[in-house]
Amino acid sequence: MYNLPNLLTLSRIVVIPVIFLSVYINAVWWGFLTAALFIFASITDYFDGYLARARGQVSAFGRLLDPIADKLLVTSALVVLLAKPDMLVTRLSLIPIIVILCRELLVSGLREFLREVNVGMPVTRLAKWKTGFQMTALSMMLLKGFWYWGGIGEFLLWIAGVLTFVTGYQYFQKSLDYVKDSEKHKAPKEKIVVVKKISSSTKSAKKKTGAKKVAASTKTIKKK
C-alpha cells in the first residue's frame, strides 16, 4: 500500500493545501513555489503509473487513488486561478473551466453508478491526452508573470476544455448504452409473462366454450 508509486500519488494530494495558500499569500516567491509544486505533482501523474507497472506494484489502492488525486489537484488549481486577486484567466476562459469542473462531477457520478452494478469504466487514451493538456495548461497559467510563455496556458486550456467535453460525452454515452442493454435483457421476461397471461385466458375461454357445447348437446338430447 505504501510503495513508491502510491506515495507519488499521495504527494499530489499533500501539495494541495500549499497550492491553495497562494490565494491568501500574494508574495512573488510563494506564487513561484505554487507553480513549481503543481508541475512536480503533474509529473508524478505519469511516473506513478509507469513505476507501478515496471515494478509489478499495481494495486487496488493505487487504481482507486490515482483518478481521485488527479481530480483534486486539477480542481484545486482551477479554484486558485479564479480566486486569486489578480485573476489569471480572462472571462472568456471561464467556459473551459466550467466544462472541466462539470465533466469531473459527471464522470464521478457515472463511476459511482456503474460501480454499484459491478461495471468498470476504464480510462481511454483520449482521456489521458485530456489530462496531459489540463496539467500543462494549468502549469503555464500558474507561471503567468514569471515566464514569458505563460500566456499560452489559456490557449492550451481551451484545447483541454474541448477534449474534456468529448471524453465526458463518451463516458456518458457508454453509460447510456449499458442502461439500454440492461433494459433489453429485462424486456423478454415481461413478454413471457404477457404470453402466460394470454395462454391462461385462452385456456379459460376454451373451457367456457367446451361447457357451452356440452350444455347445447344436453338440450338437443332432451328435445329428442
Side-chain angles (χ1 to χ4, degrees), residues 8-23 31 34-46 48-49 63-115 120-145 147 149-176:
L8 289 176
T9 304
L10 286 170
S11 68
R12 296 205 294 279
I13 299 176
V14 172
V15 300
I16 289 175
V18 181
I19 292 173
F20 189 73
L21 281 176
S22 63
V23 174
T34 298
L37 285 176
F38 184 84
I39 293 171
F40 166 77
S42 301
I43 293 173
T44 63
D45 184 35
Y46 168 77
D48 60 357
R63 290 196 302 270
L64 169 69
L65 196 63
D66 184 67
I68 294 174
D70 292 343
K71 287 176 174 55
L72 290 176
L73 183 65
V74 169
T75 304
S76 300
L78 290 173
V79 171
V80 168
L81 291 175
L82 295 174
K84 283 180 73 70
D86 51 339
M87 195 172 173
L88 297 177
V89 292
T90 60
R91 290 188 178 275
L92 191 61
S93 293
L94 293 177
I95 297 174
I97 289 177
I98 292 297
V99 170
I100 291 171
L101 292 175
C102 290
R103 186 263 188 193
E104 300 301 341
L105 294 174
L106 172 69
V107 172
S108 297
L110 292 177
R111 287 184 187 277
E112 184 67 24
F113 166 73
L114 294 176
R115 191 178 292 114
M121 185 184 287
V123 179
T124 62
R125 184 176 294 275
L126 188 61
K128 293 180 180 179
W129 277 97
K130 177 268 306 178
T131 302
F133 271 101
Q134 279 185 1
M135 297 296 190
T136 305
L138 293 174
S139 299
M140 298 179 76
M141 292 176 75
L142 289 172
L143 283 171
K144 205 172 181 179
W147 187 38
W149 299 103
I152 299 177
E154 269 191 271
F155 173 73
L156 295 178
L157 186 67
W158 274 93
I159 298 177
V162 173
L163 294 177
T164 299
F165 179 82
V166 173
T167 55
Y169 176 78
Q170 288 177 344
Y171 284 137
F172 183 69
Q173 189 62 46
K174 287 180 182 178
S175 301
L176 283 182

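All values reported here derive from a predicted model rather than from experimental measurement.
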Quick one: closest heavy-atom pair of [X] and [Y], and the distance?
X    : Y    : result
A137 : G153 : CB-O, 3.4 Å
S93  : L157 : O-CD2, 4.2 Å
R12  : D45  : NH1-CA, 3.3 Å
P96  : G161 : CB-CA, 4.1 Å
L92  : W158 : O-CZ2, 3.2 Å

When you look at V18 and T34, which way does the side-chain contact (heavy atoms from CB on, under 4.5 Å) test go after all the steps? CA-CA 7 Å; V18 181; T34 298; 5.6 Å; no

Atom pairs and distances, side-chain donor-acceptor, residues 122-133, under 3.5 Å, sequence neighbours left out:
| from | atom 1 | to | atom 2 | distance (Å) |
| --- | --- | --- | --- | --- |
| T124 | OG1 | A127 | N | 3.2 |
| T131 | OG1 | A127 | O | 3.1 |

Could you tell me the separation between the [atom1] atom of [X] and the [atom2] atom of [Y], rounded to the nearest 0.5 Å?
X    : Y   : atom1 : atom2 : answer
L72  : I13 : CG    : CD1   : 5.5 Å
L78  : L73 : CG    : CG    : 9.5 Å
F40  : T44 : CZ    : OG1   : 6.0 Å
D70  : T75 : CG    : OG1   : 10.0 Å
L138 : I97 : CG    : CD1   : 8.0 Å
L8   : L65 : CG    : CG    : 11.5 Å

With a 3.5 Å cut-off and sequence neighbours excluded, list the donor-acceptor pairs that the side chains of residues 98-110 form with protein atoms.
| from | atom 1 | to | atom 2 | distance (Å) |
| --- | --- | --- | --- | --- |
| R103 | NE | T167 | OG1 | 3.4 |
| R103 | NH2 | T167 | OG1 | 3.3 |
| S108 | OG | E104 | O | 2.8 |

Return the set of residues passing side chain to side chain contact (heavy atoms under 4.5 Å, CB included) with Y46 (not counting sequence neighbours), or none when no residue passes.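 Y50.
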
Show your reasoning for whether side-chain contact (heavy atoms from CB on, under 4.5 Å) applies to I39 and M135. CA-CA 8 Å; I39 293 171; M135 297 296 190; over 6 Å; no

My understanding is that only residues two or more places apart in sequence, or in another chain, count here; which of them pass side chain to side chain donor-acceptor pair (under 3.5 Å) with T164?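 Counting only residues at least two positions away or on another chain, T164 forms a side chain to side chain donor-acceptor pair (under 3.5 Å) with Q134.
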
Tell me, please, which residues at least two apart from Y169 pass side chain to side chain donor-acceptor pair (under 3.5 Å).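 Partners of Y169 under the side chain to side chain donor-acceptor pair (under 3.5 Å) test: Q173.
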
